[in-house]
Student: 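Sharing a structure, written as structure tokens. Questions coming.
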Amino acid sequence: MSNVQEPRNGVVNLAFLEMQPKRAEFLVFGAPLIEEEEIREVEATLRSGWLGTGPKTKLFEQRFAEYTGAKFAVALNSATAGLHLALDALGIGPGDEVIVPTMTFAATANVVFHVGATPVFADCDPTTFNIDPASIAAAITPRTKAIIPVHFAGRPCDMDAIMAIAQRHGLKVIEDAAHATETWYKGRKVGTIGDVAAFSFYSTKNIVTGEGGMVTTNDPDLADAIRIRSLHGISRDAWKRYSTEGYQPYDCMYPGYKYNMMDLQASLGIHQLAKVDRFWARRDQYWAMYNQGFASLPELTLPPADEPDTKHARHLYTLILDIDQLTVNRNEFVNLLKEENIGSGVHFVALHLHSLFRERLGTKRGDFPGSEYVSDRTISLPLSPKLTEADVQDVIAAVHRVIKRVRR
Ligand SMILES: Cc1ncc(COP(=O)(O)O)c(C=O)c1O
């Protein structure tokens with residue numbers, strides 16, 4: 001529960017906030033908003049006798065394809081599965097290189113290892129956190145086969161520049177749209193710009209299915225290849241094998257994976273997708289409250305304004321802490337916020353600093369200065385539609401108090 005009264009019209013009163021007592025209960029970072037429709041649909045699915053991939057998954061795929069404007073959508077059990085299957089279906093394998101940002105989650109690069117190829121890192125723009133096209137161009141070799149741009153926090157990458165590089169060098173583009181369900185770029189929906197895209201419905205994402213993901217593409221052959229790989233490499237969906245149409249023979253065509261979405265998950269997804277604009281509007285309101293609430297703190301760099309003709313998905317509200325002006329580092333700042341009963345996140349520690357990549361690729365500190373700048377300083381504040389305005393005020397008040405304690 002919040003100790004702060006609900007503000008009127010979301011306006012933050014700073015003098016009032018600094019005097020507020022500490023929040024009484026811990027505020028979980030990234031708690032999803034699940035409402036009655038989702039609960040009823042899950043219950044109906046549980047009672048239906050069919051939990052696995054079936055008609056609700058199909059419906060979720062159709063609705064997601066309509067929402068993105070992509071010709072095909074394949075529901076999976078994660079975005080990671082989508083990225084892996086995209087690489088596999090595009091025929092990328094041993095001896096190939098795939099350019100990925102180092103400022104991302106491990107999944108973006110791990111999947112490149114899964115197909116036996118080598119991830120090659122590119123640096124980010126330290127203002128937007130998105131992959132820097134100049135760094136992509138510098139990383140291209142004769143072995144490069146694909147680029148995986150990540151629309152960081154829901155801010156679209158510079159797709160004109162990225163698609164131009166891809167075209168010039170004959171590269172595939174796999175959009176990592178894990179944060180970017182609602183993102184638009186210059187009149188085009190993310191998920192329809194590159195060859196294929198992967199979205200995430202993990203529990204902290206903009207719409208959630210517990211675990212879950214979706215691949216979109218306009219290429220029918222790629223959609224087929226991904227669908228077949230997602231369910232053992234067999235030629236028919238499992239639910240059709242058991243349908244009322246009688247015995248349906250199937251053929252195993254490929255050593256596929258077990259990456260299919262279940263109707264139980266789609267039961268959540270159908271209703272979450274129907275609410276995507278309402279959820280976005282609420283997060284957008286909280287985004288504006290944070291911007292206003294932190295404007296007076298010189299120790300913080302706030303997210304930059306949206307680029308013209310784009311829509312930001314408002315997945316993560318990321319601050320940059322000016323650690324030179326503070327007596328603590330970012331990790332200590334996270335802990336001080338926790339003492340204030342505010343959960344926060346770090347998105348991300350740059351991948352080239354993790355032991356997997358240092359050991360396999362020989363990367364080290366100093367390789368990607370833009371990403372290291374972000375990696376050492378970034379902190380993500382709660383931005384779920386489940387929050388109330390009073391919760392957001394609690395976060396703002398707690399950040400003010402922590403800064404007051406640790407400023408030089
Ligand atoms: C940038 C990015 N890509 C991929 C993923 C993987 O998503 P999933 O958990 O659905 O596999 C995440 C998850 O947090 C992510 O942040």
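When reading the values below, keep in mind they use all heavy atoms of this one structure, side chains included, and skip hydrogens, waters and symmetry mates.
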Student: Write out all pairs satisfying side chain to side chain donor-acceptor pair (under 3.5 Å) with one or both partners inside residues 191-201, taking only residues at least two apart or from two chains.
Tutor: none
Student: Let me see the working for Asp88 and Arg229 under salt bridge (charged side-chain N to carboxylate O under 4.0 Å, His left out), right down to the final yes or no.
Tutor: CA-CA 9 Å; Asp88 197 41; Arg229 280 162 173 73; 3.0 Å; yes
Student: For Glu97, check salt bridge (Lys or Arg N to Asp or Glu O under 4.0 Å) against everything at least two apart and list the hits.
Tutor: none
Student: Show me, pair by pair, the donor-acceptor contacts under 3.5 angstrom made by side chains of residues 129-136, not counting sequence neighbours?
Tutor:
residue: Asn130; atom: OD1; partner: Phe152; partner atom: N; Å: 2.9
residue: Asn130; atom: ND2; partner: Arg155; partner atom: O; Å: 2.9
residue: Asn130; atom: ND2; partner: Pro156; partner atom: O; Å: 3.2
residue: Asp132; atom: OD1; partner: Ala134; partner atom: N; Å: 3.0
residue: Ser135; atom: OG; partner: Asp123; partner atom: N; Å: 2.7

Student: Work out which heavy atom in Pro385 is nearest to a heavy atom in Arg282; give both atom names and the distance.
Tutor: O-NH1, 2.7 Å
Student: On a heavy-atom basis, which atom in Leu222 and which in Leu90 lie closest, and how many Å separate them?
Tutor: CD1-CD2, 3.8 Å
Student: Could you tell me if the side chain of Asn110 sits less than 4.5 Å from the side chain of Leu83, heavy atoms only?
Tutor: no
Student: Please check if the number of heavy atoms outside Arg407 that lie under 6.0 Å from its CZ is greater than 12.
Tutor: yes
Student: Hey, could you give me the CD/CG distance between Glu25 and Asp391, rounded to the nearest 0.5 Å?
Tutor: 10.0 Å
Student: In Å and rounded to the nearest 0.5 Å, what is the CD to OG1 distance from Gln62 to Thr57?
Tutor: 11.0 Å
Student: Please identify each residue that fulfils side chain to side chain donor-acceptor pair (under 3.5 Å) with Arg365, with sequence neighbours left out.
Tutor: Asp376
Student: Please enumerate all residues that pass ring-ring contact (aromatic ring centres under 6.0 Å, His included) together with Tyr317, with sequence neighbours excluded.
Tutor: Trp287, Tyr290
Student: Kindly determine whether Ile234 and Met253 satisfy side-chain contact (heavy atoms from CB on, under 4.5 Å), including the steps that lead there.
Tutor: CA-CA 6 Å; Ile234 61 177; Met253 306 156 74; over 6 Å; no
Student: So for atom NZ, which belongs to Lys275, do other residues, nucleotides or ligands contribute more than 12 heavy atoms lying within a distance under 6.0 Å?
Tutor: yes
Student: How would you list all residue pairs meeting ring pair (Phe, Tyr, Trp, His ring centres under 6.0 Å) that involve residues 76-99, not counting sequence neighbours?
Tutor: His84-His114, His84-Tyr257, His84-Tyr259
Student: Apply side-chain contact (heavy atoms from CB on, under 4.5 Å) to Ser48 and list each qualifying residue two or more places apart in sequence or on a separate chain.
Tutor: Thr45, Trp50
Student: Who pairs with Asp158 by salt bridge (Lys or Arg N to Asp or Glu O under 4.0 Å), at least two apart in sequence or on another chain?
Tutor: none
Student: Under 3.5 Å, side chain of Arg330 to main-chain N/O of Ser375, donor-acceptor pair present?
Tutor: yes
Student: Among all residues two or more places apart in sequence or in another chain, which pass the salt bridge (Lys or Arg N to Asp or Glu O under 4.0 Å) test with Arg283?
Tutor: Glu182
Student: Nearest 0.5 Å please: distance from the CG atom of Leu383 over to the OH atom of Tyr286.
Tutor: 9.5 Å
Student: Determine, using ring centers only, whether Tyr67 and Phe60 are less than 6.0 Å apart.
Tutor: no
Student: Quick check on side chain to side chain contact (heavy atoms under 4.5 Å, CB included): which of Thr144, Asp160, Ile140, Val173 does Ile165 satisfy it with?
Tutor: Ile140
Student: Just by modelled atom types, is the Gly191 backbone N or O under 3.5 Å from a matching donor or acceptor in the Glu175 side chain?
Tutor: yes
Student: How far does CD1 of Ile162 sit from CG of Leu171, to the nearest 0.5 angstrom?
Tutor: 11.5 Å
Student: List the atom of Gly210, the atom of Leu268, and the distance in Å for their closest heavy-atom pair.
Tutor: N-CD1, 4.2 Å
Student: Which residues pass the ring-ring contact (aromatic ring centres under 6.0 Å, His included) test with Phe121, sequence neighbours left out?
Tutor: Phe357
Student: Looking at Ala146 and Ile92, what are the two nearest heavy atoms and their distance?
Tutor: CB-CD1, 3.6 Å
Student: Would you give the length of the straight line joining atom CD1 of Ile147 to atom NZ of Lys172, rounded to the nearest 0.5 angstrom?
Tutor: 12.0 Å
Student: As a quick check of understanding, evaluate ring pair (Phe, Tyr, Trp, His ring centres under 6.0 Å) for Phe29 and His347, giving each step before the final call.
Tutor: CA-CA 12 Å; Phe29 177 86; His347 301 89; 5.7 Å; yes
Student: Listed by chain and number, what are the ring-ring contact (aromatic ring centres under 6.0 Å, His included) partners of Phe199, not counting sequence neighbours?
Tutor: Phe64
Student: Output all residues satisfying salt bridge (Lys or Arg N to Asp or Glu O under 4.0 Å) with Glu43, sequence neighbours left out; order by chain, then residue number.
Tutor: Arg47
Student: Which pair of non-hydrogen atoms, one from Glu340 and one from Ala398, has the smallest distance, and what is that distance?
Tutor: CB-CB, 3.8 Å
Student: To the closest 0.5 Å, what do you measure between OG1 (Thr216) and NZ (Lys189)?
Tutor: 8.0 Å
